[in-house]
Amino acid sequence: MDTFEQILELDEDDDMEFSSEMVWQYFEQAEQAFTDMQEKLDEESLSALSSLGHYLKGSSAALGVARVQATCEKIQHYGQCWDEDKNAALSQKVALEKIAGCIKRVQVEYKEAKLWLEAWYRDKGIVKD
């Protein structure tokens with residue numbers, strides 16, 4: 001969580017207003033992205049799924065949520081019908097199947113990160129309104 005520690009350094013005082021607001025906004029963005037991903041998966045919209053993966057990858061990277069970032073990068077590539085691990089093209093059907101699995105996995109990874117972040121702030125006496 002080196003990135004997270006760098007964000008904490010931007011807080012001006014002990015209320016951690018800057019970093020906590022950034023984290024709460026991330027939660028909202030991620031949860032909306034998951035809703036949108038499921039909708040686009042149902043529509044089989046690979047380009048939209050790739051864009052959503054890219055978007056959430058960036059938001060996750062900004063906070064140092066590495067596991068979510070990595071899975072979203074896979075969604076981004078699969079949405080382009082590309083398997084980065086195998087350096088090979090995918091059919092649309094296979095890409096959609098892989099994305100479906102990634103969406104399930106990334107939601108678990110996100111929940112773990114959210115619980116950790118909420119507990120970290122709670123230990124500092126900061127809870128979301």
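Along the sequence shown, residues carry numbers from 1. Here the structure is a predicted model, which is why all the values come from computation and not from measurement.
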Ignoring hydrogens, what is the shortest heavy-atom contact between [X] and [Y]? Give both atom names and the distance.
X: Leu46; Y: Ala95; result: CD2-CB, 4.1 Å
X: Leu41; Y: Leu96; result: CD1-O, 3.7 Å
X: Asp11; Y: Glu17; result: OD1-N, 3.8 Å
X: Ala113; Y: Val65; result: CB-CG1, 3.6 Å
X: Cys102; Y: Ile75; result: CB-CG1, 3.5 Å
X: Ser60; Y: Val68; result: OG-CG1, 3.1 Å

Rounded at 0.5 Å granularity, tell me how far [atom1] in [X] sits from [atom2] in [Y].
X: Asn87; Y: Trp82; atom1: CG; atom2: CH2; result: 4.5 Å
X: Glu44; Y: Lys93; atom1: CD; atom2: NZ; result: 10.5 Å
X: Thr35; Y: Lys40; atom1: OG1; atom2: NZ; result: 12.5 Å
X: Glu21; Y: Ile126; atom1: CD; atom2: CD1; result: 11.5 Å
X: Glu73; Y: Lys57; atom1: CD; atom2: NZ; result: 4.5 Å
X: Gln76; Y: Leu49; atom1: CD; atom2: CG; result: 11.5 Å

| From CA spacing to verdict: side chain to side chain contact (heavy atoms under 4.5 Å, CB included), Cys72, His54 | CA-CA 7 Å; Cys72 285; His54 177 75; over 6 Å; no
| task | Kindly determine whether Ile7 and Met22 satisfy side chain to side chain contact (heavy atoms under 4.5 Å, CB included), including the steps that lead there. | result | CA-CA 9 Å; Ile7 291 168; Met22 191 172 176; 3.8 Å; yes
| note | So salt bridge (Lys or Arg N to Asp or Glu O under 4.0 Å) across residues 96-109, not counting sequence neighbours, yields Asp83-Lys98, Arg105-Glu109
| query | Within 45 degrees of the axis of the six-membered ring of Trp120 and under 6.0 Å from its centre: does Lys124 put its NZ or CZ there? | reply |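 Here Lys124 passes the 6.0 Å and 45° test against Trp120.
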Under 4.5 Å between side-chain heavy atoms, hopping through other hydrophobics if needed: is there a path connecting [X] to [Y]?
X: Leu10; Y: Leu8; result: yes
X: Leu56; Y: Trp116; result: yes
X: Val94; Y: Met37; result: yes

Between [X] and [Y]: side-chain donor-acceptor atoms closer than 3.5 Å:
X: Tyr78; Y: Ser50; answer: no
X: Gln38; Y: Asp42; answer: yes
X: Tyr110; Y: Glu31; answer: yes
X: Tyr121; Y: Ser19; answer: yes

| task | With the side chain counted from C-beta on, respond yes when Leu52 and Phe34 share a heavy-atom pair under 4.5 Å apart, and no when they do not. | result |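 The answer is no, as the side chains (C-beta and beyond) never meet within the 4.5 Å cut-off.
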| task | Could you walk me through whether Leu90 and His77 pass side chain to side chain contact (heavy atoms under 4.5 Å, CB included), step by step? | result | CA-CA 10 Å; Leu90 300 170; His77 290 298; over 6 Å; no
| message | Would you say that more than 12 heavy atoms from the other residues, nucleotides or ligands in this model lie under 6.0 Å from the CD of Glu43, or not? | response |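 Yes, because the 6.0 Å sphere around CD of Glu43 holds more than 12 heavy atoms from other groups.
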| message | Under the criterion side chain to side chain contact (heavy atoms under 4.5 Å, CB included), I'd like the reasoning laid out for Arg67 against Glu112: C-alpha separation, chi angles, the key distance, then a yes or no. | response | CA-CA 10 Å; Arg67 290 177 58 206; Glu112 292 169 355; 2.7 Å; yes
| message | Tell me whether the rings of Trp24 and Phe27 are parallel (<30°), tilted (30 to 60°) or perpendicular (>60°). | response | tilted
| query | Passes side-chain hydrogen bond (donor to acceptor under 3.5 Å, both in side chains), Asp2 versus Gln6? Steps please. | reply | CA-CA 6 Å; Asp2 292 335; Gln6 291 173 350; over 6 Å; no
| field | Pair Glu118 + Lys128, salt bridge at N-O below 4.0 Å | value |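 Salt bridge flag = no for Lys128 with Glu118.
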